[in-house]
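One structure is given below, encoded as structure tokens.
Every chain is numbered from 1, with letters handed out A, B, ... down the list of sequences. All values reported here derive from a predicted model rather than from experimental measurement.
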Protein chains: 2
Amino acid sequence: MDEFVQLLKKHDLKVTPQRLEILKYLAKIKTHPTANMIYSALKKRNPSLSKTTIYNSLDKLYQHKIIHLLTISTSEMRYDFNVKPHHHFLCRICGTIIDIDVDCPYLEKMLKGQHKIEEVHGYFKGVCKDCLI
Amino acid sequence: MDEFVQLLKKHDLKVTPQRLEILKYLAKIKTHPTANMIYSALKKRNPSLSKTTIYNSLDKLYQHKIIHLLTISTSEMRYDFNVKPHHHFLCRICGTIIDIDVDCPYLEKMLKGQHKIEEVHGYFKGVCKDCLI
DNA sequence: GTTCGTGCAAATCTTTTGCAGTTTC
DNA sequence: GAAACTGCAAAAGATTTGCACGAAC
């Protein structure tokens with residue numbers, strides 16, 4: 001928990017119970033939850049929690065590159081505490097989003113001298129191993 | 001125009017003026033428009049056009065893999081008539097989405113035997129050449 | 001003539017905004 | 001105490017749904 005206190009302080013963000021809970025939840029859960037999933041989970045422990053706080057906090061965390069945003073699925077943003085470069089696979093049967101750790105040395109090299117690349121998102125869609133059976 | 005009539009017939013979709021206009025527009029415009037942009041553009045020629053029809057048609061076209069969906073930007077879906085494999089770059093300054101034609105032979109190979117990959121989307125975000133000046 | 005598509009209105013769902021009160025530092 | 005954060009209510013924006021009418025085949 002102290003780890004998250006330090007993280008927030010390092011970024012000059014105020015340390016609030018809500019932010020600590022959001023960070024703790026995102027770091028633990030590996031399912032790339034939506035804002036609403038985070039809200040539902042944390043609402044149980046803190047009934048006065050509001051969705052505005054969820055959105056505000058996630059925004060702040062994203063601006064400071066503490067978390068990543070995934071736009072892989074339709075109409076609902078997903079959040080990821082893992083900011084190391086990795087990609088995502090969305091199963092169209094069960095809806096799970098799986099981390100993909102392969103990396104491609106080609107792309108960024110070939111793009112050199114063109115645009116300034118700040119983020120690379122590899123999104124794969126299809127049917128996952130478990131749903132293929 | 002006859003090209004699109006054939007395209008729809010090939011997929012057992014009924015040929016309606018609305019669908020032809022949507023296809024014509026998407027094939028011409030290379031800016032990966034949102035449903036709303038398509039609606040605004042076509043509304044001028046056909047004032048009775050409804051957004052429901054836009055959404056219905058785009059859905060059908062996507063189901064038949066006649067067009068692609070991009071989830072690169074927050075909260076609004078974008079559509080692409082170019083279904084050949086290619087990737088996308090979003091400039092955070094001007095908002096333009098640029099086609100990226102590099103291809104990476106690594107990724108799909110390394111994923112073989114795992115999940116069934118049906119779509120590969122490479123999303124790059126940063127600052128485009130023009131906005132870097 | 002049957003099936004499929006269109007367009008309207010209303011509903012739903014996600015995210016944003018304004019603001020008053022509270023907490024953090 | 002000043003600046004930042006929270007939470008409520010309302011607004012905004014995107015997409016979906018139910019349904020009656022009309023067009024395509």
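Distances from the side chain of A/Pro17 to the nucleotides C/dT6, C/dT24, C/dT15 place C/dT24 closest. Residue B/Thr52 has its side chain nearest to D/dG18 when only C/dT24, D/dG18, D/dC5 are considered. When each of C/dT14, C/dT6, D/dG18 is scored by its nearest atom to the side-chain atoms of A/Glu76, the top-ranked nucleotide is C/dT14. Listed nucleotides: C/dG5, D/dG18, D/dT15. Nearest to the side chain of B/Lys51: D/dT15.
Taking side-chain N and O atoms only, B/Gln18 has a distance below 4.0 Å to OP1 or OP2 of C/dG7. In this model, the phosphate group of D/dG7 is approached by a side-chain N or O of A/Ser48 to a distance below 4.0 Å at OP1 or OP2. In this model, the phosphate group of C/dG7 is approached by a side-chain N or O of B/Thr53 to a distance below 4.0 Å at OP1 or OP2. A/Tyr55 has a side-chain polar atom (N or O) that falls below the 4.0 Å cut-off from OP1 or OP2 of C/dT15.
Two residues are said to be in side-chain contact when any heavy atoms from C-beta on lie closer than 4.5 Å; A/Lys125 and A/Arg92 fail this criterion.
Using cut-offs of 30° and 60° on the angle between ring planes, the pair B/His121 and B/Tyr123 is tilted. Below 30°, between 30° and 60°, or above 60°: for B/His115 and A/Phe89 the angle between ring planes is below 30°, a parallel geometry.
One finds no salt bridge joining A/Glu21 and A/Arg45 here, because no Lys/Arg side-chain nitrogen approaches an Asp/Glu carboxylate oxygen to under 4.0 Å.
Between A/Leu42 atom CG and D/dG7 atom C1' the separation is 15 Å, expressed in whole Å. Rounded to a whole Å, the CG atom of B/Asp12 is 11 Å from the P atom of D/dC25.
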